[in-house]
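One-based numbering along the sequence shown.
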Amino acid sequence: MEQAFPIMCIRYHPVKTEVFYAASADGAVYICNAENGDFSRYIQEEDNEINTVDISVNAALIATGGKDGAVRLYDTDTAEILMIYQKALKDTSTDALKFHRMRIFALRFHPTMTETFVTGGWDDMVKIWDIRVKNGCIRNIRGPHICGDAIDLKENVVLTGSWIVAGSLQLWDIGSAKLIETVKPSNRPTTLDGEFLYAVQYFDGDPYGEMVCAGGSGTGAVEVISLKENRVLGNFRVNKATQTIDSHGNVLAFGGVDPVLRMGEFA
């Protein structure tokens, strides 16, 4: 690239497994090929920083979110913009609550419901969207302060991780937008400098959706947490803040402020 801007988020294509999309702070999404190393600019959003990108499970849509608080939907085949969800600048009505008013940091399509996706950011709102509804989100989850890739979905549950001192890991019902549980592991040390989560994800090595991975700037570790037992099952110690996590089978990959990419196995 001509200039080196941070890559904020990466998502693999759900069908073409050699293809992934990389969202950049220069306002671009790059389409990349993991087999031959080729990449090209796929989307450009002027005067924006794209913090998050995701692809629908049927590979029909790509959605982005970033600095300007807008959610944009694109046709995957043509990169043509189909919809922009954005609050009018001076709108103070109740309709304004259907849109984000600050930076967006997380966006996830539902793994089975092709019309549904969820977003979150600095405005302490996680928003549930239906692509068939054109005038804004369909439900608001109030509270989560999302500062990274800290939203995940499984069946009817939204998992969120907030950048707050305590009570940062929460489960919400996607249909009612009501809180199911605030996860507070019983065996986590009480001497921590807060939790402050940047990244959360359902653990891929657990097919039942009862285990999650979490990391941030307070716990000093990437944790594997049992939702059923409400305890930390294991952790990988880190020296600095963890800003991204992914898992495949029993293997976790994670990184952040440390100039190191770490991989570990949890079994």
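Every residue two or more places apart in sequence or in another chain that forms a side-chain contact (heavy atoms from CB on, under 4.5 Å) with R142 is listed here: L97, M125. For the side-chain contact (heavy atoms from CB on, under 4.5 Å) test, residues two or more places apart in sequence or in another chain that qualify with V15 are H13, A59. Scanning for side-chain contact (heavy atoms from CB on, under 4.5 Å) contacts around K134 gives M83, with sequence neighbours left out. The side-chain contact (heavy atoms from CB on, under 4.5 Å) check on E45 picks up I43, N48, I50, T64, R72, Y74, with sequence neighbours excluded. Residues satisfying the salt bridge (Lys or Arg N to Asp or Glu O under 4.0 Å) test with E229, not counting sequence neighbours, are R231. Taking the salt bridge (Lys or Arg N to Asp or Glu O under 4.0 Å) definition, one finds that D54 meets it with R11, sequence neighbours left out.
Across S56 and P14, no two heavy atoms sit closer than the pair O-CG, 3.4 Å. When all heavy atoms of C137 and N140 are compared, the pair lying nearest together is SG-OD1, 3.5 Å. Closest non-hydrogen pair, D75 versus T78, comes out as OD1-N, 3.0 Å.
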Intermediate values then yes/no, side-chain contact (heavy atoms from CB on, under 4.5 Å), I104 and N51: CA-CA 7 Å; I104 300 169; N51 296 323; 5.8 Å; no
Decide side-chain contact (heavy atoms from CB on, under 4.5 Å) for I128 and I141; before the verdict, give the C-alpha distance in whole Å, the side-chain angles of both, and the deciding distance to 0.1 Å. CA-CA 8 Å; I128 302 166; I141 294 173; 4.1 Å; yes
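A donor-acceptor contact shorter than 3.5 Å links the side chain of Q44 to the backbone of D26. S24 contributes no side-chain N or O that, together with a main-chain N or O of A28, makes up a donor-acceptor pair within less than 3.5 Å. Remark: side-chain polar atoms of D204 are paired, donor with acceptor, to backbone N or O of G249 under 3.5 angstrom. In this structure a side-chain-to-backbone donor-acceptor pair under 3.5 Å is missing from N156 to D173.
The hydrophobic cluster containing I31 also contains V53, counting ILVMFWY residues as joined when their side-chain heavy atoms lie under 4.5 angstrom apart, directly or transitively.
Under the 3.5 Å distance criterion, with hydrogens and angles disregarded, a donor-acceptor pair is assigned to the side chains of T160 and W172. Using modelled atom types and a 3.5 Å distance limit, the side chains of Q201 and S247 yield a donor-acceptor pair. Side-chain contact, E195 with T219: no donor N or O sits under 3.5 Å from an acceptor N or O.
Distance check: L252 CG to M263 CE gives 9.0 Å after rounding to the nearest 0.5 Å. Here SG of C32 is found 7.5 Å from CD1 of I7. Values are rounded to the nearest 0.5 Å. Going from atom CE of M8 over to atom CZ of F105 covers 6.0 Å, rounded to the nearest 0.5 Å.
Under a 4.0 Å N-O distance rule, the pair K228/D206 does not qualify as a salt bridge.
Counting only heavy atoms from C-beta outward, the side chains of V57 and M113 never approach each other to under 4.5 Å. Side-chain atoms of T76 and Y21, non-hydrogen and from C-beta on, do get closer than 4.5 Å to each other.
By the 30° and 60° cut-offs, the orientation of the rings of W163 relative to F196 is tilted.
Separation of the F20 and Y12 ring centroids falls under the 6.0 Å cut-off.
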